[in-house]
Amino acid sequence: MIDVYNKEDAKEKIINLLKKYSANKDICLKLVDEYLKADNVNDAITLLKTRLKETNDRDYTYKLSDIYQKENMMEEYKDILYQLLFEYDKYDIDIYKKIKHLYSNKDWLIERENIINRIAKEERFHYYDYKLLKIYIEEKMYDDIYNMVKDKDMDTIMRYEDYLLPKYNKELISIYVKCCKFFASKAYNRNMYSKLARDMLHIKKMKNSENEYTKLLEEIREKYRNRPAMQDELLQVL
């Protein structure tokens with residue numbers, strides 16, 4: 001029907017048709033676009049606010065933010081970004097960056113700490129840690145990255161090596177050695193032995209790791225000398 005009305009240039013009929021079925025999100029957003037085409041910005045904003053209140057759907061929040069930015073409604077834009085960051089798309093790094101652009105460098109240092117402290121207080125069993133890490137990366141807060149990941153498993157820590165090396169080279173070698181010892185104590189099949197060998201090889205390739213690596217290899221080969229499959233895998237890292 002919309003296609004038919006478009007051919008007739010029947011804008012009012014299109015609006016009325018979309019209104020009739022606007023309980024559907026996709027149709028509602030299309031109605032918003034029609035309002036915007038007709039420069040009915042207030043109607044578009046009112047509709048989105050109403051749907052957001054009724055549904056709590058973040059898509060309406062994103063649409064509002066786009067409108068506020070385009071219309072240079074900066075206070076409203078700022079407010080909706082914070083709603084996205086703290087409610088609808090919690091701690092999303094792209095939203096974080098948009099908020100960052102609204103501040104001067106000096107003011108941002110203060111606001112950044114407020115945001116980080118709020119995320120750090122979340123009691124969700126570290127559910128938001130990976131989002132906080134993205135913020136640390138954005139802000140080049142490499143010491144904070146280290147403090148957050150140093151007690152995690154080796155695979156997790158390695159994902160952040162680009163930000164931790166070379167400063168924490170010595171510390172990471174020590175952590176990885178402990179991780180390998182622990183993993184070796186739990187390993188019981190060929191796949192796990194293979195992973196152990198790969199992790200040890202990673203240590204071997206790190207700068208200034210020769211002494212720690214040699215001690216680790218000797219200790220594990222001796223301690224688990226009665227595990228031929230493990231010994232076979234470790235031959236790959238001699």
Side-chain angles (χ1 to χ4, degrees), residues 14-15 18-19 21-149 152 156 159-160 162-164:
I14 292 174
I15 293 290
L18 291 172
K19 281 182 179 180
Y21 298 101
S22 62
N24 175 279
K25 182 173 70 175
D26 290 335
I27 294 177
C28 178
L29 293 174
K30 189 169 182 63
L31 175 57
V32 168
D33 288 338
E34 289 296 328
Y35 281 145
L36 295 175
K37 288 178 185 177
D39 289 327
N40 293 329
V41 177
N42 289 335
D43 286 344
I45 291 174
T46 299
L47 175 59
L48 287 168
K49 284 183 174 181
T50 300
R51 289 292 182 267
L52 181 59
K53 186 175 181 180
E54 292 171 349
T55 66
N56 240 19
D57 191 312
R58 70 182 180 184
D59 288 344
Y60 297 127
T61 317
Y62 274 105
K63 190 67 174 179
L64 274 170
S65 72
D66 290 342
I67 294 173
Y68 289 147
Q69 184 181 32
K70 184 177 180 180
E71 296 297 320
N72 201 32
M73 301 169 67
M74 298 314 294
E75 285 301 318
E76 292 85 352
Y77 178 59
K78 184 177 181 180
D79 288 344
I80 205 74
L81 287 180
Y82 274 105
Q83 287 184 50
L84 279 164
L85 187 70
F86 292 136
E87 299 176 40
Y88 296 104
D89 203 354
K90 295 189 77 170
Y91 316 131
D92 177 79
I93 189 62
D94 292 327
I95 298 300
Y96 176 89
K97 290 177 182 179
K98 289 180 180 180
I99 293 174
K100 181 178 180 178
H101 288 316
L102 299 177
Y103 287 85
S104 68
N105 290 338
K106 181 180 179 181
D107 290 340
W108 177 245
L109 292 178
I110 298 172
E111 184 58 20
R112 179 187 74 182
E113 292 306 307
N114 291 334
I115 293 172
I116 288 173
N117 288 336
R118 177 162 177 169
I119 300 173
K121 290 178 181 178
E122 285 279 3
E123 297 181 2
R124 290 285 300 274
F125 302 101
H126 308 295
Y127 178 80
Y128 294 113
D129 278 5
Y130 74 100
K131 293 193 174 185
L132 189 53
L133 283 166
K134 286 185 176 181
I135 291 175
Y136 287 155
I137 292 169
E138 165 68 18
E139 302 295 341
K140 297 181 173 58
M141 299 170 67
Y142 301 139
D143 292 340
D144 295 275
I145 294 174
Y146 172 75
N147 288 326
M148 177 167 279
V149 304
K152 297 187 183 296
T156 297
R159 289 200 290 270
Y160 297 94
D162 287 347
Y163 312 105
L164 302 177

Considering all heavy atoms, the nearest [X]-[Y] contact:
| X | Y | answer |
| --- | --- | --- |
| M148 | D129 | SD-O, 3.7 Å |
| K97 | E138 | CE-OE1, 3.1 Å |
| I145 | L164 | CG2-CD2, 3.9 Å |
| Y35 | L47 | CE1-CD2, 4.0 Å |
| F86 | I115 | CZ-CG1, 4.2 Å |
| D57 | L52 | O-CD1, 3.4 Å |

Would you check if [X] and [Y] make a side-chain contact, meaning some heavy-atom pair closer than 4.5 Å?
| X | Y | result |
| --- | --- | --- |
| Y96 | L85 | yes |
| L31 | Y21 | no |
| L84 | D92 | no |
| L48 | T61 | no |
| Q83 | L64 | no |

(request) Kindly assign one of parallel, tilted or perpendicular to the pair Y82 and Y103, based on the angle between their ring planes and the thresholds 30° and 60°. (result)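 Y82 vs Y103 ring planes: perpendicular.
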(request) Run the numbers on I95 and Y62 for side chain to side chain contact (heavy atoms under 4.5 Å, CB included), then give the verdict. (result) CA-CA 10 Å; I95 298 300; Y62 274 105; 3.6 Å; yes
With no hydrogens and no angle check, is any side-chain donor or acceptor of [X] less than 3.5 Å from a backbone partner on [Y]?
| X | Y | value |
| --- | --- | --- |
| T46 | D43 | no |
| K131 | K90 | yes |
| R51 | S22 | yes |

Give, for atom [atom1] of [X] and atom [atom2] of [Y], the distance between the pair rounded to the nearest 0.5 Å.
| X | Y | atom1 | atom2 | answer |
| --- | --- | --- | --- | --- |
| L36 | I45 | CG | CD1 | 8.5 Å |
| D33 | L18 | CG | CG | 9.5 Å |
| Y77 | L102 | OH | CG | 6.0 Å |
| I15 | K30 | CD1 | NZ | 10.0 Å |
| N117 | R112 | CG | CZ | 10.5 Å |
| K49 | I80 | NZ | CD1 | 8.0 Å |

(request) Report the C-alpha separation of I67 and V32 in whole Å, then their side-chain angles, then the decisive distance to 0.1 Å, and conclude whether the side chain to side chain contact (heavy atoms under 4.5 Å, CB included) test is met. (result) CA-CA 10 Å; I67 294 173; V32 168; 4.1 Å; yes
(message) Does Y88 form a side chain to side chain donor-acceptor pair (under 3.5 Å) with N56? I'd like the steps, not just the answer.
(response) CA-CA 8 Å; Y88 296 104; N56 240 19; 3.2 Å; yes
(request) Considering only NZ, NE, NH1 and NH2 on the basic side and carboxylate oxygens on the acidic side, decide whether D94 and K134 come within less than 4.0 Å. (result)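 Salt bridge: no.
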(message) Can you confirm whether the side chains of E54 and Y60 place a donor and an acceptor under 3.5 Å from each other?
(response)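 No, Y60 and E54 have no side-chain donor paired with an acceptor closer than 3.5 Å.
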(request) Any chance you could lay out the side chain to side chain contact (heavy atoms under 4.5 Å, CB included) test for M141 and I116, step after step, and finish with the verdict? (result) CA-CA 11 Å; M141 299 170 67; I116 288 173; 3.8 Å; yes
(message) Counting neighbours of CD on E75 that are heavy atoms of other residues, nucleotides or ligands and sit closer than 6.0 Å, is the number greater than 12?
(response)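 Not buried by this count: 12 neighbours or fewer within 6.0 Å.
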(request) Kindly check if the number of other-residue, nucleotide or ligand heavy atoms within 6.0 Å of CG (N105) is above 12? (result)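 Not buried by this count: 12 neighbours or fewer within 6.0 Å.
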